[in-house]
Amino acid sequence: MKQIISTISFLTILSLSVLAQNQIPSPRYGTAVVHYNDTAVYIYGGVIQETSKSTSQQLTSEVWYYNASNCTFTKVNPLGDELPGMYACSPVYDPQTGKIYFLGGLRTAADNAFYSFDPQAFQVSKKTQQPYSQRSGMSGEYIGSGKFLLSGGQLANGAASSAVYEFNAAQLTITQKADIPQGTALYGHTTITDTINHKAYIFGGLNGSESNNFSCYEYNTQTNSWGFGPSIQNYPQNEWTAFPASGNIPNSNEIFIAGGQKYSTNKSTNSIFFSSNLYTVNVVNGNLTAQLITNNLPPMIGGSAWCSLDSNNDTIFYFFGGIISITTTGDTTITNNFYRFN
């Protein structure tokens, strides 16, 4: 698959604007993003292409820091253990330990350990081997009590997984839980949690046949059991996507979902439909409700996103990078466009 670089552009669409006209990461997709606090976001890894002459994909181990207070990116050179180049890993932030953990992901190293990153000390520490093979596109989300749910993923051989794991940040343990039901294998899907009612919901993504998933599943974190989740109100299934850019405010029951790969009625493997929608999905007492914010985003798959609160306590949604086009011959355009939606 050939790749073409798209350099940063400057435009305004409604309340959408391009930011960070200073130093900015090169075009990339499949990066891991962690919202550390309202003035610090960390971006790690992904697939990059350094020159427009190159036709090969490269995994990067770069770590970047974004400061929302002055809209600047800074490349970080962490101390300690060396991070491998990694694609589509599952990052989590544990406020109790103050550390970021990188789990899963396809990587340049055969080694399959997970890593911690201390933003205060800029220190990386290599941890134990993970109890599963390398995989990208696992969906991870906080489920309460210092624990995170990790589900699905795509293995290095292209197969999808139905396996589910629980990461305990305090004990640094990864425990296998009940699989996604009915043997359903998913990757590039979305998770939203209701920690008060001890539930997690997964939806969207691609299944083992590389087709869009139209089922919502509900996981009970207390009983380690799965069932079918509720219908998501105001969210047509043909708008569900795989590999969207998504982000939420910590400790919030609302998630923002931007772009991603939409369902296509064309059965050709060369047909990829891009979404230009921005939705929010909210969970309250077992009810999931979506709201279409705009259908005028720049289309993008595999981008990165996060949310912050401004001085008025309004939510600001940021999204960066991703794939912006794939031709029928496989030419892929990646970007480092960086947007803010107010």
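Hydrogens, waters and symmetry mates play no part in the numbers below; they use all other heavy atoms, side chains included.
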Open item on the list: Could you walk me through whether Ile43 and Phe73 satisfy the side chain to side chain contact (heavy atoms under 4.5 Å, CB included) test, starting with their C-alpha distance in whole Å, then the side-chain angles of each, then the deciding distance to 0.1 Å, before giving a yes or no?
Closed with: CA-CA 10 Å; Ile43 299 174; Phe73 281 95; 3.6 Å; yes
Check whether any side-chain heavy atom of [X] sits under 4.5 Å from a side-chain heavy atom of [Y], and report yes or no.
X      : Y      : answer
Gln182 : Phe228 : yes
Leu309 : Thr315 : yes
Leu149 : Thr221 : no
Pro131 : Gln176 : no
Lys126 : Asp111 : yes
Cys307 : His35  : no
Ile301 : Tyr29  : no
Ile143 : Glu166 : yes

Treat each ILVMFWY residue as a node, draw an edge where side-chain heavy atoms are under 4.5 Å apart, and state whether [X] and [Y] are in one component.
X      : Y      : answer
Ile100 : Trp64  : no
Leu206 : Ile272 : yes
Leu292 : Phe273 : no
Val281 : Ile202 : no
Val34  : Val76  : yes

TODO: Go through the steps to decide whether Met138 and Tyr132 satisfy the test side chain to side chain contact (heavy atoms under 4.5 Å, CB included), and finish with yes or no.
DONE: CA-CA 12 Å; Met138 283 196 303; Tyr132 43 76; 3.7 Å; yes
In Å and rounded to the nearest 0.5 Å, what is the [atom1] to [atom2] distance from [X] to [Y]?
X      : Y      : atom1 : atom2 : value
Thr294 : Asn296 : OG1   : CG    : 5.0 Å
Phe317 : Ile255 : CZ    : CD1   : 9.0 Å
Gln222 : Lys199 : CD    : NZ    : 9.0 Å
Arg107 : Gln134 : CZ    : CD    : 5.5 Å
Ile316 : Ser308 : CD1   : OG    : 8.0 Å
Tyr279 : Ser246 : OH    : OG    : 15.5 Å

Looking only at atom types and distance, does a side-chain atom of [X] sit under 3.5 Å from a main-chain N or O of [Y], one as donor and one as acceptor?
X      : Y      : result
Asn253 : Val283 : yes
Asn312 : Asp314 : no
Ser139 : Thr191 : yes
Asn67  : Thr72  : no
Thr332 : Ile326 : no

Parallel, tilted or perpendicular: ring planes of [X] versus [Y], cut at 30 and 60 degrees:
X      : Y      : result
Phe320 : Phe338 : perpendicular
Trp306 : Tyr66  : tilted
Phe148 : Phe167 : tilted

Taking all non-hydrogen atoms of both residues into account, name the closest pair between [X] and [Y] and its distance.
X      : Y      : answer
Tyr142 : Thr193 : O-OG1, 2.9 Å
Val33  : Ala305 : CG1-O, 3.8 Å
Thr184 : Tyr217 : OG1-OH, 3.1 Å
Ser133 : Leu155 : OG-CD2, 3.8 Å
Thr190 : Pro244 : OG1-CG, 3.9 Å
Asn248 : Glu254 : CB-O, 3.0 Å

Return yes if a side-chain donor-acceptor contact under 3.5 Å exists between [X] and [Y], otherwise no.
X      : Y      : answer
Ser304 : Thr31  : yes
Tyr36  : Gln120 : yes
Lys177 : Thr175 : no
Ser161 : Arg135 : yes

TODO: Take Leu79 and Gln123 through the side chain to side chain contact (heavy atoms under 4.5 Å, CB included) test and state the conclusion after the steps.
DONE: CA-CA 5 Å; Leu79 304 173; Gln123 184 88 18; 3.5 Å; yes
Task: Option from Tyr93, Phe102, Tyr101 for which ring-ring contact (aromatic ring centres under 6.0 Å, His included) with Tyr44 holds - done: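 Testing each of Tyr93, Phe102, Tyr101 against Tyr44, the sole residue satisfying ring-ring contact (aromatic ring centres under 6.0 Å, His included) is Phe102.
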Show me, pair by pair, the donor-acceptor contacts under 3.5 angstrom made by side chains of residues 236-243, not counting sequence neighbours?
residue	atom	partner	partner atom	Å
Gln237	NE2	Phe214	O	2.6
Glu239	OE1	Lys262	NZ	3.4
Glu239	OE1	Asn277	ND2	2.6
Trp240	NE1	Tyr235	O	3.2
Thr241	OG1	Gly259	O	3.2

Task: Glu210, CD atom: more than 12 neighbouring heavy atoms under 6.0 Å - done: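 No, because the 6.0 Å sphere around CD of Glu210 holds 12 heavy atoms or fewer from other groups.
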Task: Criterion ring pair (Phe, Tyr, Trp, His ring centres under 6.0 Å) on Tyr219 and Tyr201, from CA distance to verdict - done: CA-CA 6 Å; Tyr219 178 70; Tyr201 302 90; over 10 Å; no
TODO: Apply the test side chain to side chain contact (heavy atoms under 4.5 Å, CB included) to residues Val164 and Ser151: give CA-CA distance (whole Å), side-chain angles for both, the deciding distance (0.1 Å), then the verdict.
DONE: CA-CA 4 Å; Val164 177; Ser151 62; 4.0 Å; yes
